[in-house]
Amino acid sequence: MTEKLAGKVALVTGGGRGIGRAICQLFAEEGAQVGVADIDMELAKQTLETLPIPGRALQMDVSSKKEVEAGFSELVAHFGQLDILVNNAGILLSTTFEDCSEETWDRILAVNLKGTFFCCQAAIPFMKPRSRGAIVNMSSVAAKSGGFTGHPPYAAAKAGVSALTIGLARYLAPHRVRVNAIAPGVIDTDMTKTANHAELAARIPLGEVGTARDVAQGALFLASDEARHITGEIIDVNGGLWMD
Ligand code: NAD
């Protein structure tokens with residue numbers, strides 16, 4: 001069987017656990033050399049140990065432009081190129097609307113939206129001159145639904161990710177760099193561990209909460225040459241939770 005990402009170098013943010021780890025694993029299974037970037041270096045190293053081919057762990061808080069630039073430089077110095085960026089790092093902080101502090105609002109926007117912006121900016125110099133590259137951003141069903149009651153700031157940040165995806169896709173299309181996103185529904189990871197999965201599954205038409213691997217399959221498709229004519233698209237991976 002041909003590996004779908006043979007010869008490619010990918011950087012996955014938030015690769016230390018959950019959906020990001022599943023993406024790192026699937027990409028490596030498909031032949032990619034993967035940079036596992038995470039704010040938690042220990043988690044990144046743990047992911048690295050599960051990969052079938054050697055990758056590289058990168059210390060990176062995506063909300064820090066300095067750390068983002070250093071991480072991208074380290075990866076390209078090591079592997080010589082960058083073909084795929086997955087902006088997966090994200091945080092979900094629950095708060096009532098009235099009690100959401102300025103610090104909480106700023107952190108949610110800084111990691112989910114500004115982090116995606118910084119990483120896209122850092123990737124462009126390695127993709128645009130080569131007229132090749134694929135960026136996959138991580139939006140959410142919340143970008144369309146507004147999220148659960150404690151999550152309007154998160155939903156706003158993810159709506160920003162979706163808009164950024166489309167705008168950047170249009171900008172980079174003449175340079176053959178594709179930009180797409182995935183909008184997961186409810187996925188079984190640490191992020192959703194406090195939620196009642198049985199209750200949520202009952203609201204999902206396909207009858208179950210998704211797995212990190214389900215989302216990784218979507219990322220693989222968008223990152224691979226199978227999606228060579230797709231850009232500016234946001235793919236729902238939500239079991240039918242939101243249909244439009
Ligand atoms: P998770 O909390 O299990 O994992 C997130 C990873 O990102 C962790 O390894 C964490 O250390 C890392 N991270 C956090 N802040 C970071 C930062 N500033 N810089 C770099 N790394 C950072 O989350 P998950 O469920 O795997 O979610 C992954 C992505 O999918 C997120 O963008 C999330 O918003 C999105 N998403 C998840 C769900 C879900 O149901 N789990 C649904 C919709 C969207």
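Counting convention: from 1, in listed order, for ligands and their atoms alike.
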Residue selection (non-hydrogen contact nearest atom 39 (C) of ligand 1) among Ile187, Val86, Val215: Ile187
task: With atom 20 (C) of ligand 1 as the reference point, say which of Arg21, Met60, Glu42 has the nearest heavy atom.
output: Met60
- request: Measure the distance from atom 5 (C) of ligand 1 to every protein heavy atom, then report the residue, atom name and distance (to 0.1 Å) of the closest one.
  value: Gly90 O, 4.1 Å
- prompt: Which of the atoms of ligand 1 are close to Asp61, meaning less than 4.0 Å from one of its heavy atoms?
  reply: 17 (C), 18 (N), 19 (N)
message: I need the minimum non-hydrogen distance between Phe27 and Val86, along with the two atoms involved.
response: CE2-CG2, 3.6 Å
query: Which atoms from ligand 1 have a heavy atom of Arg107 less than 4.0 Å away?
result: 18 (N)
- prompt: Does an N or O anywhere in Val62 fall below 3.5 Å from an N or O of ligand 1?
  reply: yes
task: Would you please say whether a donor-acceptor pair under 3.5 Å links the side chains of Ser162 and Ser139?
output: yes
field: Pair Asp225 + Lys8: basic N to acidic O under 4.0 Å
entry: yes
message: Please classify the Thr189 to ligand 1 contact at 4.0 Å (heavy-atom distances, strictly less than): side chain, backbone, both or neither.
response: side chain
- request: Please work out whether any backbone atom (N, CA, C, O) or any side-chain heavy atom from C-beta onward of Ile91 is under 4.0 Å from ligand 1, and answer side chain, backbone, both or neither.
  value: side chain
- prompt: Numbering the atoms of ligand 1 from 1, which are under 4.0 Å from a heavy atom of Tyr154?
  reply: 33 (C), 34 (O), 35 (C), 36 (N), 43 (C), 44 (C)
task: Compare Gly185, Ala44, Ala142 and give the one whose heavy atom is closest to atom 42 (C) of ligand 1.
output: Gly185
Proximal ligand 1 atoms for Gly18, defined as those under 4.0 Å from one of its heavy atoms: 26 (O)
Got a list of side-chain donor-acceptor pairs under 3.5 Å for residues 69-77, not counting sequence neighbours?
| residue | atom | partner | partner atom | Å |
| --- | --- | --- | --- | --- |
| Ser73 | OG | Glu69 | O | 3.0 |
| Glu74 | OE2 | Arg56 | NE | 3.0 |
| Glu74 | OE2 | Arg56 | NH2 | 3.4 |

query: Which option out of Ser140, Ala183, Gly14 puts a heavy atom nearest to atom 7 (O) of ligand 1?
result: Gly14
message: With respect to Gly20, determine whether any N or O atom, backbone or side chain, lies less than 3.5 Å from an N or O atom of ligand 1.
response: no
statement: For atom 11 (O) of ligand 1, the closest protein heavy atom turns out to be Asp38 OD1, 2.6 Å
message: Is Val111 close enough to touch ligand 1? Criterion: a residue heavy atom under 4.0 Å from a ligand atom.
response: yes
query: When you measure from atom 32 (O) of ligand 1 to each heavy atom in Asn88, Ile108, Val237, which option holds the nearest one?
result: Asn88
- request: Pull out every atom of ligand 1 sitting under 4.0 Å from any heavy atom of Met138, numbered as shown with elements.
  value: 29 (C), 30 (O), 32 (O), 35 (C)
- prompt: Do you know which two heavy atoms are closest between Ala122 and Val68, and how far apart they sit?
  reply: CB-CG1, 3.7 Å
- request: Any pair with a residue in residues 191-209 that passes salt bridge (charged side-chain N to carboxylate O under 4.0 Å, His left out), sequence neighbours left out, goes on the list, sorted by first then second residue, please.
  value: Asp190-Lys193
- request: Find the distance between CD (Gln25) and OG1 (Thr50) and round it off to the nearest 0.5 Å.
  value: 3.5 Å
- prompt: Numbering the atoms of ligand 1 from 1, which are under 4.0 Å from a heavy atom of Ala89?
  reply: 20 (C), 21 (N), 22 (C), 32 (O)
- request: Nearest 0.5 Å please: distance from the CG atom of Leu48 over to the CZ atom of Arg21.
  value: 10.5 Å
message: Rounded at 0.5 Å granularity, tell me how far CG in Asn137 sits from OG1 in Thr116.
response: 5.5 Å
query: Applying a strict 4.0 Å limit to heavy atoms, is Ser139 in contact with ligand 1?
result: yes
task: To the nearest 0.5 Å, tell me how far Asn112 CG sits from Met138 CE.
output: 11.5 Å
- prompt: With backbone taken as N, CA, C and O and side chain as the heavy atoms from C-beta onward, which portion of Thr192 lies under 4.0 Å from ligand 1: side chain, backbone, both, or neither?
  reply: side chain
field: Under 3.5 Å: N/O of Leu43 near N/O of ligand 1
entry: no
- prompt: Going by the order shown, which atoms of ligand 1 are within less than 4.0 Å of some heavy atom of Val186?
  reply: 40 (O)
